[in-house]
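One structure is given below, encoded as C-alpha coordinates.
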Number of protein chains: 2
Amino acid sequence: MKPFQNISVYLGVEENNVIKEQHPMQETLDQRLTERNIKPTAVRLLVLKAFMAQEAAIGLADLENRFDHADKTTLYRTLKTFEEHKLIHSIDDGTGALKYALCQETCDCTPEDLHVHFLCTVCNKTFCLNDTPIPQINLPTDFSLDSVNMVVKGLCSDCR
Amino acid sequence: MKPFQNISVYLGVEENNVIKEQHPMQETLDQRLTERNIKPTAVRLLVLKAFMAQEAAIGLADLENRFDHADKTTLYRTLKTFEEHKLIHSIDDGTGALKYALCQETCDCTPEDLHVHFLCTVCNKTFCLNDTPIPQINLPTDFSLDSVNMVVKGLCSDCR
DNA sequence: GCACTTTTGCAACCCGGTTGCATAGGCTCC
DNA sequence: GGAGCCTATGCAACCGGGTTGCAAAAGTGC
Ligand SMILES: [Mn+2]
Ligand SMILES: [Mn+2]
Ligand SMILES: [Zn+2]
Ligand SMILES: [Zn+2]
(Lines give C-alpha, C1' and ligand atoms only; values in the text may rest on other atoms or scores of the structure.)
(Ligands and ions follow the chains in the order given, each with its own letter.)
Protein backbone atom coordinates (compact mmCIF):
# COMPACT_ATOMS: atom_id res chain seq x y z
CA MET A 1 0.00 0.00 0.00
CA LYS A 2 1.28 3.40 -0.96
CA PRO A 3 0.80 6.28 1.41
CA PHE A 4 -1.75 8.61 0.03
CA GLN A 5 -2.94 11.63 1.88
CA ASN A 6 -5.01 13.38 -0.74
CA ILE A 7 -8.33 13.90 0.89
CA SER A 8 -10.61 13.66 -2.11
CA VAL A 9 -9.06 10.44 -3.30
CA TYR A 10 -9.27 8.93 0.16
CA LEU A 11 -12.86 9.97 0.47
CA GLY A 12 -13.52 8.87 -3.08
CA VAL A 13 -12.49 5.34 -2.29
CA GLU A 14 -14.96 5.28 0.52
CA GLU A 15 -17.69 7.23 -1.13
CA ASN A 16 -17.86 5.91 -4.67
CA ASN A 17 -15.81 8.73 -6.06
CA VAL A 18 -17.92 11.48 -4.68
CA ILE A 19 -15.28 14.07 -4.03
CA LYS A 20 -14.87 16.57 -1.31
CA GLU A 21 -16.86 19.43 -2.79
CA GLN A 22 -19.90 17.25 -3.14
CA HIS A 23 -19.99 16.35 0.54
CA PRO A 24 -22.51 18.39 2.44
CA MET A 25 -21.28 16.72 5.61
CA GLN A 26 -17.72 17.77 4.93
CA GLU A 27 -17.90 21.14 6.62
CA THR A 28 -19.34 19.79 9.83
CA LEU A 29 -16.66 17.09 9.94
CA ASP A 30 -13.94 19.64 9.34
CA GLN A 31 -15.44 21.90 11.91
CA ARG A 32 -15.73 19.22 14.54
CA LEU A 33 -12.02 18.45 14.17
CA THR A 34 -10.77 22.01 14.11
CA GLU A 35 -12.93 22.83 17.11
CA ARG A 36 -10.80 20.35 19.03
CA ASN A 37 -7.57 21.54 17.45
CA ILE A 38 -7.12 18.51 15.26
CA LYS A 39 -5.84 19.07 11.76
CA PRO A 40 -8.40 17.58 9.37
CA THR A 41 -6.48 15.01 7.35
CA ALA A 42 -8.06 12.43 5.10
CA VAL A 43 -7.89 9.53 7.51
CA ARG A 44 -9.14 11.64 10.36
CA LEU A 45 -12.17 12.80 8.43
CA LEU A 46 -13.01 9.25 7.50
CA VAL A 47 -12.63 7.98 11.03
CA LEU A 48 -14.73 10.81 12.41
CA LYS A 49 -17.37 10.10 9.82
CA ALA A 50 -17.42 6.47 10.94
CA PHE A 51 -18.01 7.60 14.50
CA MET A 52 -20.81 9.93 13.50
CA ALA A 53 -22.47 7.32 11.33
CA GLN A 54 -23.22 4.90 14.12
CA GLU A 55 -24.27 4.95 17.71
CA ALA A 56 -22.24 2.00 18.95
CA ALA A 57 -18.66 2.38 20.11
CA ILE A 58 -15.87 1.53 17.69
CA GLY A 59 -12.66 -0.41 18.21
CA LEU A 60 -9.38 -0.35 16.36
CA ALA A 61 -10.20 -3.67 14.71
CA ASP A 62 -13.45 -2.22 13.39
CA LEU A 63 -11.56 0.59 11.72
CA GLU A 64 -9.02 -1.82 10.26
CA ASN A 65 -11.82 -3.79 8.68
CA ARG A 66 -13.65 -0.77 7.40
CA PHE A 67 -10.63 0.94 5.89
CA ASP A 68 -8.57 -1.66 4.10
CA HIS A 69 -6.43 1.00 2.53
CA ALA A 70 -5.37 2.57 5.81
CA ASP A 71 -2.69 1.24 8.09
CA LYS A 72 -3.40 -0.11 11.55
CA THR A 73 -0.85 2.21 13.14
CA THR A 74 -2.34 5.24 11.49
CA LEU A 75 -5.78 4.33 12.69
CA TYR A 76 -4.38 3.61 16.14
CA ARG A 77 -2.73 7.00 16.29
CA THR A 78 -5.83 8.66 14.95
CA LEU A 79 -7.77 7.24 17.87
CA LYS A 80 -5.08 8.41 20.28
CA THR A 81 -5.10 11.88 18.80
CA PHE A 82 -8.87 12.08 18.99
CA GLU A 83 -8.77 10.90 22.58
CA GLU A 84 -6.06 13.36 23.57
CA HIS A 85 -8.11 16.18 22.16
CA LYS A 86 -11.27 14.90 23.84
CA LEU A 87 -13.18 14.30 20.67
CA ILE A 88 -13.69 10.68 21.70
CA HIS A 89 -13.27 8.74 24.94
CA SER A 90 -12.14 5.18 25.41
CA ILE A 91 -14.35 2.46 26.84
CA ASP A 92 -13.02 -0.65 28.50
CA ASP A 93 -16.02 -2.95 28.43
CA GLY A 94 -14.07 -6.02 29.46
CA THR A 95 -14.10 -7.65 26.04
CA GLY A 96 -10.34 -7.30 25.82
CA ALA A 97 -10.32 -4.67 23.12
CA LEU A 98 -10.76 -0.99 23.84
CA LYS A 99 -13.61 0.77 22.14
CA TYR A 100 -14.15 4.46 21.56
CA ALA A 101 -17.17 6.70 21.32
CA LEU A 102 -17.72 10.32 20.45
CA CYS A 103 -17.67 12.70 23.36
CA GLN A 104 -20.63 15.00 23.65
CA GLU A 105 -20.09 18.53 22.42
CA THR A 106 -19.92 19.84 25.94
CA CYS A 107 -17.67 17.06 27.18
CA ASP A 108 -14.38 17.83 28.82
CA CYS A 109 -13.75 14.31 30.09
CA THR A 110 -13.98 15.44 33.68
CA PRO A 111 -15.41 13.13 36.34
CA GLU A 112 -18.81 14.76 35.81
CA ASP A 113 -18.76 13.61 32.22
CA LEU A 114 -18.42 9.98 33.31
CA HIS A 115 -21.37 7.79 32.50
CA VAL A 116 -22.39 4.17 32.41
CA HIS A 117 -21.56 2.00 29.41
CA PHE A 118 -23.63 -0.85 28.14
CA LEU A 119 -22.36 -3.98 26.40
CA CYS A 120 -24.87 -6.16 24.60
CA THR A 121 -24.04 -9.81 25.17
CA VAL A 122 -25.58 -10.78 21.83
CA CYS A 123 -24.43 -8.27 19.24
CA ASN A 124 -21.36 -7.24 21.25
CA LYS A 125 -22.07 -3.59 20.61
CA THR A 126 -21.18 -1.11 23.30
CA PHE A 127 -23.17 2.05 23.95
CA CYS A 128 -22.72 5.17 26.00
CA LEU A 129 -25.58 5.69 28.38
CA ASN A 130 -25.06 9.41 28.46
CA ASP A 131 -28.24 9.95 30.43
CA THR A 132 -27.30 7.42 33.07
CA PRO A 133 -24.88 9.04 35.50
CA ILE A 134 -22.86 6.72 37.68
CA PRO A 135 -24.58 6.31 41.04
CA GLN A 136 -22.91 7.28 44.29
CA ILE A 137 -21.45 4.51 46.38
CA ASN A 138 -20.27 4.26 49.95
CA LEU A 139 -16.64 3.37 50.29
CA PRO A 140 -15.12 1.88 53.42
CA THR A 141 -13.67 4.50 55.73
CA ASP A 142 -10.23 5.70 54.75
CA PHE A 143 -10.81 4.95 51.10
CA SER A 144 -11.06 7.94 48.81
CA LEU A 145 -12.70 7.99 45.42
CA ASP A 146 -11.08 9.11 42.23
CA SER A 147 -13.04 7.71 39.28
CA VAL A 148 -15.41 4.90 38.48
CA ASN A 149 -15.78 2.53 35.57
CA MET A 150 -19.20 0.98 35.32
CA VAL A 151 -20.13 -1.43 32.54
CA VAL A 152 -23.54 -3.02 32.35
CA LYS A 153 -24.03 -6.18 30.35
CA GLY A 154 -27.35 -7.28 28.96
CA LEU A 155 -29.47 -7.17 25.86
CA CYS A 156 -29.74 -4.05 23.77
CA SER A 157 -33.01 -2.90 22.25
CA ASP A 158 -32.23 -4.58 18.95
CA CYS A 159 -31.39 -7.95 20.46
CA ARG A 160 -34.06 -8.52 23.04
CA MET B 1 12.69 -27.29 36.36
CA LYS B 2 11.62 -30.81 37.10
CA PRO B 3 7.99 -31.50 37.76
CA PHE B 4 7.51 -32.34 41.37
CA GLN B 5 4.20 -32.89 42.95
CA ASN B 6 5.19 -34.12 46.38
CA ILE B 7 3.29 -31.88 48.70
CA SER B 8 5.64 -31.75 51.65
CA VAL B 9 8.62 -30.89 49.50
CA TYR B 10 6.70 -28.19 47.67
CA LEU B 11 5.52 -26.75 50.92
CA GLY B 12 8.98 -27.15 52.37
CA VAL B 13 10.43 -24.94 49.69
CA GLU B 14 8.02 -22.25 50.66
CA GLU B 15 7.95 -22.84 54.33
CA ASN B 16 11.56 -23.46 55.31
CA ASN B 17 11.20 -27.19 55.33
CA VAL B 18 8.36 -27.34 57.73
CA ILE B 19 6.53 -30.33 56.38
CA LYS B 20 2.89 -31.10 56.01
CA GLU B 21 2.22 -32.61 59.41
CA GLN B 22 3.55 -29.55 61.16
CA HIS B 23 1.12 -27.17 59.44
CA PRO B 24 -1.82 -26.30 61.61
CA MET B 25 -3.28 -24.45 58.64
CA GLN B 26 -2.98 -27.48 56.43
CA GLU B 27 -6.32 -29.00 57.30
CA THR B 28 -8.24 -25.83 56.67
CA LEU B 29 -6.54 -25.42 53.28
CA ASP B 30 -7.27 -29.01 52.36
CA GLN B 31 -10.80 -28.63 53.53
CA ARG B 32 -11.42 -25.45 51.63
CA LEU B 33 -10.34 -27.16 48.41
CA THR B 34 -12.22 -30.41 48.89
CA GLU B 35 -15.34 -28.45 49.84
CA ARG B 36 -15.26 -27.07 46.32
CA ASN B 37 -14.39 -30.42 44.79
CA ILE B 38 -10.81 -29.51 43.98
CA LYS B 39 -8.17 -32.13 44.54
CA PRO B 40 -5.62 -30.67 46.94
CA THR B 41 -2.33 -30.83 45.10
CA ALA B 42 0.85 -29.13 46.18
CA VAL B 43 0.58 -26.16 43.88
CA ARG B 44 -3.07 -25.67 44.67
CA LEU B 45 -2.43 -25.62 48.39
CA LEU B 46 0.30 -23.05 47.94
CA VAL B 47 -1.81 -20.85 45.73
CA LEU B 48 -4.74 -21.05 48.08
CA LYS B 49 -2.47 -20.16 50.95
CA ALA B 50 -1.30 -17.12 49.04
CA PHE B 51 -4.89 -16.01 48.60
CA MET B 52 -5.67 -16.49 52.26
CA ALA B 53 -2.55 -14.67 53.38
CA GLN B 54 -3.49 -11.33 51.86
CA GLU B 55 -6.52 -9.20 51.34
CA ALA B 56 -5.65 -7.76 47.94
CA ALA B 57 -6.50 -9.56 44.73
CA ILE B 58 -3.79 -11.61 43.02
CA GLY B 59 -2.82 -11.85 39.37
CA LEU B 60 -1.06 -14.55 37.43
CA ALA B 61 2.13 -12.50 37.35
CA ASP B 62 2.09 -12.23 41.14
CA LEU B 63 2.00 -15.99 41.43
CA GLU B 64 4.78 -16.39 38.90
CA ASN B 65 6.95 -14.12 40.98
CA ARG B 66 6.11 -15.74 44.26
CA PHE B 67 6.60 -19.33 43.10
CA ASP B 68 9.75 -19.47 41.01
CA HIS B 69 9.65 -23.23 41.00
CA ALA B 70 6.18 -23.50 39.49
CA ASP B 71 5.34 -23.09 35.85
CA LYS B 72 3.25 -20.23 34.50
CA THR B 73 0.83 -22.59 32.80
CA THR B 74 0.30 -24.60 35.93
CA LEU B 75 -0.44 -21.47 37.90
CA TYR B 76 -2.70 -20.27 35.11
CA ARG B 77 -4.64 -23.50 35.14
CA THR B 78 -4.77 -23.48 38.90
CA LEU B 79 -6.51 -20.13 38.74
CA LYS B 80 -8.89 -21.40 36.09
CA THR B 81 -9.70 -24.47 38.15
CA PHE B 82 -10.29 -22.38 41.25
CA GLU B 83 -12.53 -20.07 39.27
CA GLU B 84 -14.53 -22.88 37.71
CA HIS B 85 -15.17 -24.31 41.14
CA LYS B 86 -16.07 -20.91 42.52
CA LEU B 87 -13.32 -20.77 45.06
CA ILE B 88 -12.13 -17.50 43.55
CA HIS B 89 -13.59 -14.98 41.13
CA SER B 90 -11.82 -12.93 38.52
CA ILE B 91 -11.61 -9.16 38.61
CA ASP B 92 -11.05 -7.01 35.56
CA ASP B 93 -9.93 -3.74 37.07
CA GLY B 94 -8.83 -2.23 33.78
CA THR B 95 -5.11 -2.56 34.44
CA GLY B 96 -4.81 -5.02 31.59
CA ALA B 97 -4.12 -8.05 33.74
CA LEU B 98 -6.86 -10.07 35.38
CA LYS B 99 -6.75 -10.42 39.12
CA TYR B 100 -8.47 -12.95 41.33
CA ALA B 101 -9.83 -12.91 44.85
CA LEU B 102 -11.27 -15.52 47.19
CA CYS B 103 -14.99 -15.93 47.04
CA GLN B 104 -16.81 -15.73 50.30
CA GLU B 105 -17.78 -19.05 51.83
CA THR B 106 -21.39 -18.53 50.89
CA CYS B 107 -20.59 -17.32 47.38
CA ASP B 108 -22.10 -19.02 44.40
CA CYS B 109 -21.05 -16.38 41.89
CA THR B 110 -24.65 -15.47 41.16
CA PRO B 111 -25.62 -11.89 40.32
CA GLU B 112 -26.40 -11.32 44.00
CA ASP B 113 -22.81 -12.12 44.86
CA LEU B 114 -21.60 -9.30 42.63
CA HIS B 115 -19.92 -6.45 44.42
CA VAL B 116 -17.85 -3.38 43.76
CA HIS B 117 -14.09 -3.64 43.31
CA PHE B 118 -11.59 -1.01 44.29
CA LEU B 119 -8.29 -0.29 42.60
CA CYS B 120 -5.79 1.89 44.44
CA THR B 121 -4.07 4.21 42.01
CA VAL B 122 -0.93 4.32 44.16
CA CYS B 123 -0.16 0.78 45.28
CA ASN B 124 -2.13 -0.81 42.44
CA LYS B 125 -3.77 -3.23 44.80
CA THR B 126 -7.30 -4.31 44.07
CA PHE B 127 -9.82 -5.11 46.78
CA CYS B 128 -13.25 -6.67 46.94
CA LEU B 129 -15.73 -4.36 48.58
CA ASN B 130 -17.90 -7.24 49.69
CA ASP B 131 -20.05 -4.95 51.78
CA THR B 132 -20.69 -2.57 48.91
CA PRO B 133 -23.39 -3.99 46.69
CA ILE B 134 -23.66 -2.60 43.20
CA PRO B 135 -26.32 0.12 43.10
CA GLN B 136 -29.36 -0.12 40.89
CA ILE B 137 -29.36 1.84 37.69
CA ASN B 138 -32.03 2.86 35.23
CA LEU B 139 -31.48 1.51 31.77
CA PRO B 140 -33.06 3.00 28.67
CA THR B 141 -36.30 1.31 27.72
CA ASP B 142 -35.87 -1.94 25.84
CA PHE B 143 -32.50 -2.62 27.41
CA SER B 144 -32.36 -5.54 29.80
CA LEU B 145 -29.76 -6.04 32.46
CA ASP B 146 -27.65 -9.12 32.89
CA SER B 147 -24.62 -8.26 35.01
CA VAL B 148 -22.57 -5.27 36.04
CA ASN B 149 -18.88 -4.63 36.44
CA MET B 150 -18.09 -1.69 38.67
CA VAL B 151 -14.55 -0.69 39.47
CA VAL B 152 -13.78 2.28 41.66
CA LYS B 153 -10.38 3.91 41.51
CA GLY B 154 -8.91 5.97 44.29
CA LEU B 155 -6.65 5.74 47.30
CA CYS B 156 -6.78 2.81 49.66
CA SER B 157 -6.52 3.21 53.41
CA ASP B 158 -2.78 2.51 53.35
CA CYS B 159 -2.01 5.04 50.65
CA ARG B 160 -4.00 8.08 51.58
C1' DG C 1 12.16 24.91 -5.93
C1' DC C 2 14.04 24.03 -0.83
C1' DA C 3 13.90 23.29 4.24
C1' DC C 4 11.06 22.04 7.94
C1' DT C 5 7.08 19.77 10.41
C1' DT C 6 3.44 16.53 10.53
C1' DT C 7 1.25 12.46 9.06
C1' DT C 8 1.39 7.94 7.37
C1' DG C 9 3.18 3.10 6.48
C1' DC C 10 5.69 -0.80 7.74
C1' DA C 11 7.98 -3.89 10.62
C1' DA C 12 9.05 -5.38 14.69
C1' DC C 13 8.14 -5.77 19.42
C1' DC C 14 5.62 -6.36 24.05
C1' DC C 15 2.64 -8.46 27.29
C1' DG C 16 -1.11 -11.06 29.07
C1' DG C 17 -3.39 -14.87 28.07
C1' DT C 18 -4.05 -19.53 25.91
C1' DT C 19 -3.27 -24.11 23.64
C1' DG C 20 -1.07 -28.70 22.22
C1' DC C 21 1.47 -32.05 23.52
C1' DA C 22 4.61 -34.85 26.14
C1' DT C 23 5.85 -36.49 30.70
C1' DA C 24 5.54 -37.19 35.73
C1' DG C 25 2.69 -38.16 39.74
C1' DG C 26 -0.49 -40.46 42.03
C1' DC C 27 -4.31 -44.00 42.32
C1' DT C 28 -6.53 -48.70 41.49
C1' DC C 29 -6.75 -53.26 40.75
C1' DC C 30 -4.79 -57.39 40.55
C1' DG D 1 4.91 -54.10 43.63
C1' DG D 2 3.88 -53.72 38.82
C1' DA D 3 0.55 -52.54 34.76
C1' DG D 4 -2.85 -49.41 33.38
C1' DC D 5 -5.24 -45.26 33.85
C1' DC D 6 -6.37 -40.48 34.82
C1' DT D 7 -4.86 -36.10 36.36
C1' DA D 8 -1.60 -32.45 37.13
C1' DT D 9 2.42 -30.31 35.60
C1' DG D 10 6.02 -28.41 32.42
C1' DC D 11 7.49 -26.57 28.20
C1' DA D 12 7.14 -24.40 23.94
C1' DA D 13 4.79 -22.20 20.82
C1' DC D 14 1.08 -19.32 19.58
C1' DC D 15 -2.51 -15.46 19.63
C1' DG D 16 -4.50 -10.85 19.69
C1' DG D 17 -4.53 -6.26 21.16
C1' DG D 18 -1.69 -2.71 21.79
C1' DT D 19 2.70 0.02 21.12
C1' DT D 20 7.18 1.80 19.32
C1' DG D 21 11.14 3.18 16.05
C1' DC D 22 12.17 4.57 11.97
C1' DA D 23 11.85 5.99 7.19
C1' DA D 24 9.10 7.82 3.42
C1' DA D 25 5.31 10.83 1.90
C1' DA D 26 2.55 14.79 2.36
C1' DG D 27 1.77 19.31 3.80
C1' DT D 28 3.58 24.13 5.02
C1' DG D 29 6.16 28.38 4.66
C1' DC D 30 9.39 30.81 2.14
MN1 LIG E 1 -19.18 6.85 26.79
MN1 LIG F 1 -14.56 -9.48 44.44
ZN1 LIG G 1 -27.38 -6.17 20.95
ZN1 LIG H 1 -3.04 1.77 47.95
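A, B, ... follow the sequence lines: proteins, then strands. Residue 1 opens every chain.
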Check: R44(A) side chain, K39(A) main-chain N or O, donor-acceptor pair, under 3.5 Å: yes

Set of side-chain contact (heavy atoms from CB on, under 4.5 Å) partners for Q136(A), sequence neighbours left out: none

Interatomic distance where CD1 belongs to I91(A) and P belongs to dG18(D) [whole Å]: 13 Å

Under 4.0 angstrom between T74(B) side-chain N/O and dG10(D) OP1 or OP2: yes

Ion pair R32(A)/E105(A), N-O distance below 4.0 Å: yes

Under-3.5 Å donor-acceptor pair between K72(B) side chain and dG10(D) base: no

Nearest-Å distance for atom pair CG/P, residues N65(A) and dG17(D): 10 Å

Closest nucleotide among dG17(C), dG18(D), dT9(D) to the Y76(A) side chain: dG18(D)

Spacing of I58(B) atom CD1 relative to dG17(C) atom C1', expressed in whole Å: 18 Å

Separation of dT8(C) P from E64(A) CD (nearest whole Å): 15 Å

Spacing between I38(B) atom CD1 and dT9(D) atom P, to the nearest angstrom: 12 Å

Student check: side-chain heavy atoms of H117(A) and H115(A) closer than 4.5 Å: yes

Distance below 4.0 Å between R44(A) side-chain N/O and dT7(C) OP1 or OP2: yes

Touch class at under 4.0 angstrom, heavy-atom based, for K39(A) against every strand present: sugar-phosphate

Gap between atoms CD and C1', on E84(A) and dT19(D) respectively (whole Å): 14 Å

Sequence-distant partners of E112(A), side-chain hydrogen bond (donor to acceptor under 3.5 Å, both in side chains), two or more places apart: T110(A)

Nearest-neighbour nucleotide for the D71(B) side chain, dC22(D), dG17(C), dC11(D) considered: dC11(D)

R77(A) CZ - dG17(D) P separation (whole Å): 19 Å

Contact under 4.0 Å: K80(A) side-chain N or O vs dT19(D) OP1/OP2: yes

T41(B), nearest nucleotide to its side chain (from dA8(D), dG18(D), dC21(C)): dA8(D)

Proximal nucleotide (of dG17(C), dG9(C), dT9(D)) relative to the L98(B) side chain: dG17(C)

T73(B) (side chain) and dA12(D) (base): donor-acceptor pair under 3.5 Å: yes

